[in-house]
Structure formats: C-alpha cells, structure tokens
K.L.:
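Take a look at the following structure, please.
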There are 4 protein chains.
Amino acid sequence: MRADAKRNRDRILTAAIEAFATEGLSVPVHEIARRAGVGTGTVSRHFPTKESLYDAIILHRLEQLVDRARSLAEAEEPSTAFFEFFKYMADAGATDHGLADALGGGGYDVAASAERTGYDVMGGMRDLLTAAQRAGAVRDDVDVVDVKALMTGCLARERGATDAAARSRMIEIVCTGLRAHR
Amino acid sequence: MRADAKRNRDRILTAAIEAFATEGLSVPVHEIARRAGVGTGTVSRHFPTKESLYDAIILHRLEQLVDRARSLAEAEEPSTAFFEFFKYMADAGATDHGLADALGGGGYDVAASAERTGYDVMGGMRDLLTAAQRAGAVRDDVDVVDVKALMTGCLARERGATDAAARSRMIEIVCTGLRAHR
Amino acid sequence: MRADAKRNRDRILTAAIEAFATEGLSVPVHEIARRAGVGTGTVSRHFPTKESLYDAIILHRLEQLVDRARSLAEAEEPSTAFFEFFKYMADAGATDHGLADALGGGGYDVAASAERTGYDVMGGMRDLLTAAQRAGAVRDDVDVVDVKALMTGCLARERGATDAAARSRMIEIVCTGLRAHR
Amino acid sequence: MRADAKRNRDRILTAAIEAFATEGLSVPVHEIARRAGVGTGTVSRHFPTKESLYDAIILHRLEQLVDRARSLAEAEEPSTAFFEFFKYMADAGATDHGLADALGGGGYDVAASAERTGYDVMGGMRDLLTAAQRAGAVRDDVDVVDVKALMTGCLARERGATDAAARSRMIEIVCTGLRAHR
DNA sequence: TATGAATGAGGGTTCATTCAT
DNA sequence: CATGAATGAACCCTCATTCAT
C-alpha cells in the first residue's frame with residue numbers, strides 16, 4: 001500500500017472512531033470524510049460500505065480483546081481469567097464508544113462480524129465463562145448472552161463521560177452478582 | 001378537544017406504542033399512521049414532531065412507573081420497595097421495546113423528557129434507592145445512574161426476544177451485586 | 001386518487017415519456033421530476049423505483065398493443081392479422097421512443113415486464129406469427145425473436161426523427177422478406 | 001512512442017475490445033484497466049476520455065469494414081458486393097458487442113466518429129448500395145440509413161448470445177426484402 | 001379537522017477523470 | 001511514463017414535515 005493511501009486510511013479510521021464514538025453508528029459517511037479531510041469517494045475506496053468501515057474500526061479492538069482472552073486463559077486460573085477479562089473488556093469499551101456500541105449491540109451485530117473478521121470475542125468470552133463455571137467460580141445458570149448484557153450495562157454507565165471510579169463500582173457490582181453463592 | 005380528535009389521538013398512541021415496541025425508534029411516522037388508520041398529517045397535527053409523539057408514548061409508561069414507585073415507597077419497606085421497583089421496571093421494559101430504548105438511552109434522553117413531561121422516573125428511583133441505602137439494604141456508594149445503567153443491561157438481555165427466565169436471572173444477578181455486604 | 005395527485009401523476013408520465021424518448025433510459029429521475037415540475041420525492045411516491053416508472057410508461061402502450069393483437073386475431077385472416085400488427089407496432093414505436101426502447105431492448109426487458117404487468121406483447125405477436133405460418137403466409141423457420149429484432153430495425157430507422165415514408169418502406173422491406181416464397 | 005508505451009496501448013485496446021464486447025459500453029474504465037493489467041491512469045494517458053477509447057476500438061473494426069467494402073467493390077459485381085458486405089458487417093457485429101452498439105446506435109454516433117477517425121463505413125456502404133441499385137439488384141427507393149437500420153435489426157437478434165443460424169436467417173430475410181422486384 | 005400528496009434534504013454508493021507518488 | 005489513490009458530482013431512494021384539498 002502506498003504511503004499516501006496508508007496515511008489517508010489512517011486518517012479515515014481515526015476520524016471514524018471519533019465520529020462513531022461521538023455521534024453513534026448513524027453518523028453519515030460524508031461527515032467522517034469531512035473530519036478526515038478527504039472526499040467521500042476516498043472513504044468508499046478504502047471501505048466499500050459503511051459497515052465495512054465499522055468492521056475495520058472495531059477489528060483493532062476485537063483483535064486485542066481476543067488476544068487478551070487467550071492469554072488470560074493460558075496464564076491465569078479460570079476464575080481470575082474470567083473476571084479479569086470482564087474488567088479488561090469494560091475498560092476497553094469505556095474509552096472507545098465505537099467498541100461499546102458494538103459490544104452493546106447498538107445497531108451492530110458482533111456475532112456476524114465475528115464470522116466476517118474472524119475475531120470471535122464472544123466465543124473467547126464463552127470459553128472463559130465455561131471454565132470459570134466448571135471451577136465453581138461463577139453461577140452455573142449464566143450464559144454468555146447474560147454476560148454480554150451485563151457488559152452493556154457497565155458500558156452504558158459512562159456513555160459520554162469517563163468515570164473510572166464508577167466503572168470499577170459497576171464491575172464490582174456485576175461481578176459480585178455473577179459469583180456463585182456457596 | 002372534539003370527540004373524533006380524541007379518538008384519533010388515542011388510536012395514534014396505541015399504534016405508536018406497538019410500532020415503537022415492535023420496530024424500535026426508527027419506525028417511520030408513515031407506518032404509525034398506517035397502523036392507526038389515519039393520515040400522516042393527522043399524526044403531525046397531534047404530535048408536531050416524531051419526538052413529541054415518542055414523549056407522549058413513554059409518558060404513559062413513565063406515569064405508570066412513577067405511580068408504582070410512589071405506591072411501593074408508601075406500602076413497603078425501603079429494601080423491598082427498591083428491589084421490587086427495579087424488577088417492575090425491568091419487566092415493563094422487557095415487553096416494551098420503546099420504553100427499553102428510552103430507559104436504555106437508545107437515542108432518547110429520559111432526563112430531558114422528565115423536564116418536558118413532568119414524570120421524573122429517575123427521581124422516583126433515586127428516592128427509593130436512597131431510602132434503601134439508609135436502611136442498609138443497598139451499597140452506599142451506588143448512585144441512580146449506576147442503577148439506570150444496570151437496568152440497561154437487564155433490558156439489553158432480551159432485546160428482540162422475550163425470555164422471562166433470563167430476565168429473572170439477570171435481575172437476580174444485578175440485585176445480588178447491589179446488596180450491601182454484611 | 002385525488003385530483004392533484006392524478007394531475008401530478010399525469011405530468012410525471014408525460015415528462016417521463018418525453019425524457020426517456022429524448023435522453024434514453026439513462027435519464028436521471030431528477031431530470032424527469034424537473035421537467036414535470038415536481039420534487040423528486042413525488043416521482044418516487046408515484047413510482048417507487050425508476051423501473052416501475054418505466055413500466056408504467058410502456059404499460060399504456062403495451063395494453064394498446066395487446067388489445068390490437070387480440071382484435072386483429074379475431075377479425076382478420078391470419079396473414080393480414082400478422083402483417084397489420086407488425087405495421088401497427090412499428091407505427092406505435094415510431095411515435096413513442098420510450099416504447100421503441102422497450103421493444104428494441106434498450107436496457108429494458110419486455111419479457112420480464114410482461115410478467116409484472118400482465119401485458120404480454122410478445123406472446124400476442126407469437127400467436128399471430130404462428131397462425132400466419134400455419135396459413136402459409138410467413139416463412140416457417142422464423143420465430144418471434146426474429147420478428148422482434150426486425151421490429152427493432154424498423155424502429156431504429158427513425159430514431160430521433162419522424163419519417164412516415166421511410167417507415168412504410170422499412171415495413172415493406174421486412175415484410176417482403178418474411179413472406180414465404182411460393 | 002516508446003516500446004513499453006506501445007505495448008500498454010495495445011494491451012488496453014485488446015482488453016477494451018473484449019470488455020466492451022462482453023459488457024457493452026457501460027463497462028467501467030477501471031475494469032478495462034484491470035483486464036489490461038495497467039493502472040487507470042495509464043488508460044487515461046493513452047485515451048483521455050472513455051469515448052476516445054471507444055473511438056479507437058471501433059477504429060480497428062471500422063478500418064476492416066472500410067477495407068472490405070473497398071475490396072468487394074473492386075473484385076465483385078455490384079450486387080454480390082453489396083450483399084456480401086451486408087453479410088460481412090452483420091457477422092462482424094455479431095461477434096463484437098461493441099461494434100454492434102456502434103453500428104446499432106447504442107449511445108454512439110458512427111457518423112460523428114467517421115469524421116473524427118476518417119473511416120467512413122457508412123460512406124463505403126453507400127457506394128456499394130448505389131452501385132447495386134444502378135445494377136438493378138436493390139430497390140431504388142432504399143437509402144443507406146435504411147440499410148443501417150436493417151443491420152441494427154440483424155445485430156439485435158443475437159444480442160448477448162451467438163446463433164449463427166439465426167443470423168443467416170435474418171440476413172436472408174432482410175436481403176430478400178431489399179432486392180428489387182422485377 | 002382530516003387527509004395524504006408534495007417536498008427536498010440527506011442517505012450510501014459508483015465511477016470518469018485528475019494528479020501526487 | 002506508469003501507477004492507483006483521490007476526487008466529488010451524480011445516481012436512486014427514504015422519510016419527517018408541510019400544506020393544498
């Protein structure tokens with residue numbers, strides 16, 4: 001890829017991350033192009049559809065998340081791994097509203113994206129969850145959809161602002177609720 | 001207001017409640033008019049903007065919620081009142097996608113609406129929360145924004161489907177997390 | 001249908017017939033709206049897609065053609081009926097370039113249109129052709145696709161101008177060629 | 001012209017001939033460049049506009065046709081020359097959608113092209129026609145525009161497919177019609 | 001008052017042409 | 001000279017709102 005193309009691609013991604021975070025998924029492609037200082041056609045060249053642009057944006061994040069899930073699964077005990085991942089994910093979403101939208105289901109289908117992009121965050125979460133349940137650390141009746149919804153709640157807490165203390169509190173509340181009662 | 005105007009207004013509201021619940025906030029006004037069996041102009045006459053229609057719709061719900069908050073506050077112990085209200089609200093949102101959008105922040109601002117409509121659901125929730133905290137039933141560090149976000153999580157769980165068991169589970173998890181530890 | 005809607009619909013059709021004839025099928029909907037003196041949304045209201053507008057335009061003509069084919073089949077001898085219909089169709093196309101495009105295949109599929117609209121001009125032509133062949137008036141090896149292509153040739157003769165003498169000549173040439181040799 | 005420039009020019013022409021023949025005049029320049037294995041800018045360098053590329057493409061064909069017309073005029077009797085040329089042209093157009101578009105008037109003006117390129121196919125055809133008419137082999141009232149339109153009809157027959165039998169039949173029909181009645 | 005037709009800005013996407021690399 | 005990224009006008013279509021009927 002040529003240097004100028006790479007530069008524009010990066011500018012578009014930067015602009016799109018910010019625009020999606022600020023305005024939500026409904027931000028016009030035109031607006032993203034404007035923020036990036038490029039023509040609309042340039043956006044389309046790099047990302048043929050709006051959805052593909054969105055894919056690309058969260059791809060970065062999803063990759064990080066999947067990697068984190070994997071390394072936690074290898075390095076930590078099941079219980080620690082699961083709760084650490086939950087926290088990691090909540091922290092990631094708190095500083096990236098585009099990701100929060102994706103994880104929170106705001107007009108975006110992470111599952112479908114997983115097939116397209118190959119980064120199956122929810123699959124990673126499911127593995128960690130199952131292991132934690134086998135280890136007796138998490139309620140047996142919980143499924144990954146529950147966890148995703150609880151994550152949505154945590155991410156919803158800060159929408160628009162950043163409040164690390166509130167985030168910790170939310171995570172604590174949710175994780176306490178998730179833990180198996182003796 | 002003339003009798004026929006009143007009747008049309010009610011039909012529009014009924015249609016809109018169902019339409020918003022079914023299709024979400026993005027349902028076209030045209031579709032609401034169609035379901036109500038009136039012209040689009042009639043919708044606009046009664047509700048100058050789509051947002052004002054949405055206001056009116058959740059007004060019903062918000063009114064119910066505020067009433068419920070009040071009666072629980074009067075009839076029950078603080079702890080019971082708060083957790084019952086949380087459950088009541090989650091149940092209400094689960095069967096009303098429009099309300100869920102409103103409570104979950106999907107393109108709608110409940111706080112602003114509270115000022116416009118006079119029904120301050122979050123205020124009611126805040127009173128119940130504070131009372132429950134004074135009674136030692138809920139963590140002291142939690143605020144009403146946390147509760148709203150946790151509600152968002154519960155509502156997100158069923159988005160599109162209806163799964164009463166999952167809803168109970170979610171409520172249980174969240175409420176367990178909210179409870180003060182000894 | 002309301003009077004103003006009917007009027008606009010007619011103006012759109014008139015403008016579209018002329019626009020398609022002048023500019024071809026590629027004329028923008030916007031241009032048709034401009035010529036009709038209406039907004040683009042009005043065109044879309046009456047004709048949801050550009051194709052549906054085109055359908056509607058030739059619908060008039062196709063209906064006339066199908067009727068003509070039927071009445072000739074009933075009233076005339078097979079030979080006369082076929083050749084008269086060919087002439088009728090060529091005359092119709094000569095004064096309606098939109099129809100000429102449709103019959104000549106310029107980016108429009110009459111067969112598909114026949115299914116949508118129910119006016120199967122080529123079916124009518126086929127019946128007349130077959131009857132004329134049975135009567136020994138037309139070469140046995142000719143099929144309706146040949147006839148359609150020959151029609152395209154006749155219509156191509158006047159594209160843009162109107163020259164009745166040339167049209168007669170073309171029809172004569174083609175029909176002479178179609179006749180069975182002794 | 002440098003050798004590599006010449007080579008690219010030829011590759012573009014080859015690709016364009018095939019692309020226009022396959023997809024018609026609406027094929028994107030980008031696609032032609034792709035088939036030629038060059039950049040779009042290279043296409044534009046050699047052929048500043050898409051139309052100029054199209055000119056160049058049919059130039060090949062027109063040259064062949066003009067040559068053929070000339071050699072037939074010299075080698076054959078007027079009647080044979082004319083009808084042979086008609087057949088030759090129909091055969092050429094049948095296997096070259098781009099040429100068919102040009103000869104059939106599909107968004108391309110052969111007459112204007114004749115002035116630009118210097119290859120006056122219709123002039124050649126006119127000479128053959130006139131000679132054949134003088135020899136009493138073709139109807140006196142026919143002009144070259146008629147012949148072109150009849151050619152359009154023949155070419156329309158096979159649009160998209162290839163059916164040599166149908167082509168022969170069409171040519172036979174048309175030429176029969178063109179012949180002078182005693 | 002009710003209607004629904006009219007509006008036209010705005011949406012995403014395509015593509016001939018230009019120009020920096 | 002070759003490249004292909006950048007451009008932005010133009011395409012068709014949707015829909016909240018307005019207004020003539």
Side-chain angles (χ1 to χ4, degrees), chain A residues 1-9 12 26-33 36-53, chain B residues 1-5 7-9 26-34 37-53, chain C residues 1-9 12 26-33 36-53, chain D residues 1-9 26-34 37-51 53:
Chain A
M1 179 176 284
R2 259 164 52 177
D4 55 346
K6 173 92 179 83
R7 196 181 60 240
N8 270 335
R9 192 190 149 90
I12 291 166
S26 66
V27 67
V29 170
H30 176 84
E31 169 65 14
I32 293 169
V38 302
T40 62
T42 305
V43 177
S44 285
R45 159 175 280 270
H46 287 286
F47 308 98
T49 67
K50 192 179 180 179
E51 192 183 26
S52 71
L53 172 57
Chain B
M1 178 177 286
R2 266 166 47 174
D4 56 345
R7 198 183 59 239
N8 271 340
R9 192 188 149 89
S26 66
V27 67
V29 172
H30 177 84
E31 169 65 14
I32 293 170
R34 195 190 60 75
V38 302
T40 60
T42 306
V43 176
S44 286
R45 160 171 291 272
H46 287 286
F47 308 97
T49 67
K50 194 179 178 178
E51 193 185 22
S52 70
L53 172 58
Chain C
M1 177 175 285
R2 259 164 50 178
D4 55 345
K6 173 92 178 84
R7 194 182 61 239
N8 270 336
R9 192 189 149 90
I12 291 166
S26 67
V27 67
V29 170
H30 176 83
E31 169 65 13
I32 293 169
V38 302
T40 61
T42 305
V43 176
S44 286
R45 158 174 282 271
H46 287 285
F47 308 98
T49 66
K50 193 179 180 178
E51 193 183 25
S52 72
L53 172 57
Chain D
M1 177 177 287
R2 266 165 47 174
D4 55 347
K6 172 85 177 91
R7 197 182 61 240
N8 271 339
R9 191 188 150 89
S26 65
V27 68
V29 171
H30 176 84
E31 170 65 14
I32 293 169
R34 195 190 59 75
V38 302
T40 60
T42 307
V43 176
S44 287
R45 159 171 292 273
H46 287 285
F47 308 97
T49 66
K50 194 177 178 178
E51 192 186 22
L53 172 57

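Chain letters run A, B, ... following the sequence lines, proteins first and then strands; every chain starts at 1. As the structure is a prediction and not an experimental result, all values here were calculated from the model.
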K.L.:
D:Phe47 CZ to E:dT18 C1': how many Å, rounded?
P.N.:
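The answer, rounded to whole Å, is 18 Å.
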K.L.:
Taking only N and O in the side chain of A:Thr40, is any of them less than 4.0 Å away from OP1 or OP2 of F:dG8?
P.N.:
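For A:Thr40, the contact criterion (side-chain N or O under 4.0 Å from OP1 or OP2 of F:dG8) is not met.
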K.L.:
First locate atom OG of C:Ser44, then atom NZ of C:Lys50, and finally report the distance between them rounded to the nearest 0.5 Å.
P.N.:
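Spacing of OG (C:Ser44) from NZ (C:Lys50) equals 11.5 Å.
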K.L.:
Do C:Leu53 and C:Val29 come close enough that some side-chain heavy atom pair is under 4.5 Å?
P.N.:
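No; the side chains remain at least 4.5 Å from each other.
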K.L.:
Considering only side-chain heavy atoms of C:Asp4, which listed nucleotide, E:dA5, E:dT1, F:dA6, is closest?
P.N.:
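Taking heavy atoms from C-beta onward, the closest nucleotide is E:dA5.
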K.L.:
Closer to the 5' end of DNA chain F via nearest nucleotide, is it A:Gly37 or B:Thr49?
P.N.:
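The residue closer to the strand's 5' end, by nearest nucleotide, is A:Gly37.
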K.L.:
Of the candidate nucleotides F:dA2, E:dT3, E:dT17, which contains the atom at the shortest distance from the side chain of B:Thr42?
P.N.:
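Nearest to the side chain of B:Thr42 among the choices is E:dT3.
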K.L.:
Quick one: closest heavy-atom pair of D:Ala33 and D:Val43, and the distance?
P.N.:
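Closest approach of D:Ala33 to D:Val43: CB-CG2, 3.7 Å.
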K.L.:
Which of these nucleotides, E:dG4, F:dA6, F:dT17, is closest to any side-chain atom of C:Arg45?
P.N.:
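Selected nucleotide (nearest to the side chain): E:dG4.
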K.L.:
Which sits closer to the 5' end of DNA chain F, B:Gly41 or A:Val43, going by the nucleotide each is nearest to?
P.N.:
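Here A:Val43 is the residue nearer the 5' end.
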K.L.:
Note the angle between the end axes of the helix from E:dA2-F:dT21 to E:dT21-F:dA2, five pairs defining each, rounded to 10 degrees.
P.N.:
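Terminal axis comparison yields 10°.
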K.L.:
Rounded to the nearest angstrom, tell me the gap between atom CZ in A:Arg7 and atom C1' in E:dT21.
P.N.:
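Nearest whole value for this atom pair: 10 Å.
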K.L.:
OP1 or OP2 of F:dA2 versus the side-chain N and O atoms of D:Asn8: is any pair under 4.0 Å?
P.N.:
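The answer is yes; a side-chain N or O of D:Asn8 sits under 4.0 Å from OP1 or OP2.
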K.L.:
I need the C:Arg9 CZ to C:Arg45 CZ distance, nearest 0.5 Å.
P.N.:
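Reported to 0.5 Å precision, the distance equals 12.5 Å.
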K.L.:
Which of residues 27-34 of chain D sit near DNA chain E, with a heavy atom under 4.0 Å from it?
P.N.:
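Output list: D:Pro28, D:Val29.
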K.L.:
To the closest 0.5 Å, what do you measure between CZ (B:Phe47) and CD1 (B:Ile32)?
P.N.:
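Reported value, rounded in 0.5 Å steps: 9.5 Å.
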K.L.:
Given E:dT18, F:dC13, F:dA2, identify the nucleotide with an atom nearest to the side chain of C:Lys50.
P.N.:
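The listed nucleotide nearest to C:Lys50's side chain is F:dC13.
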K.L.:
So which one's nearest nucleotide on DNA chain E is more toward 5', C:Arg9 or A:Ser44?
P.N.:
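Nearest nucleotide further toward 5': that of C:Arg9.
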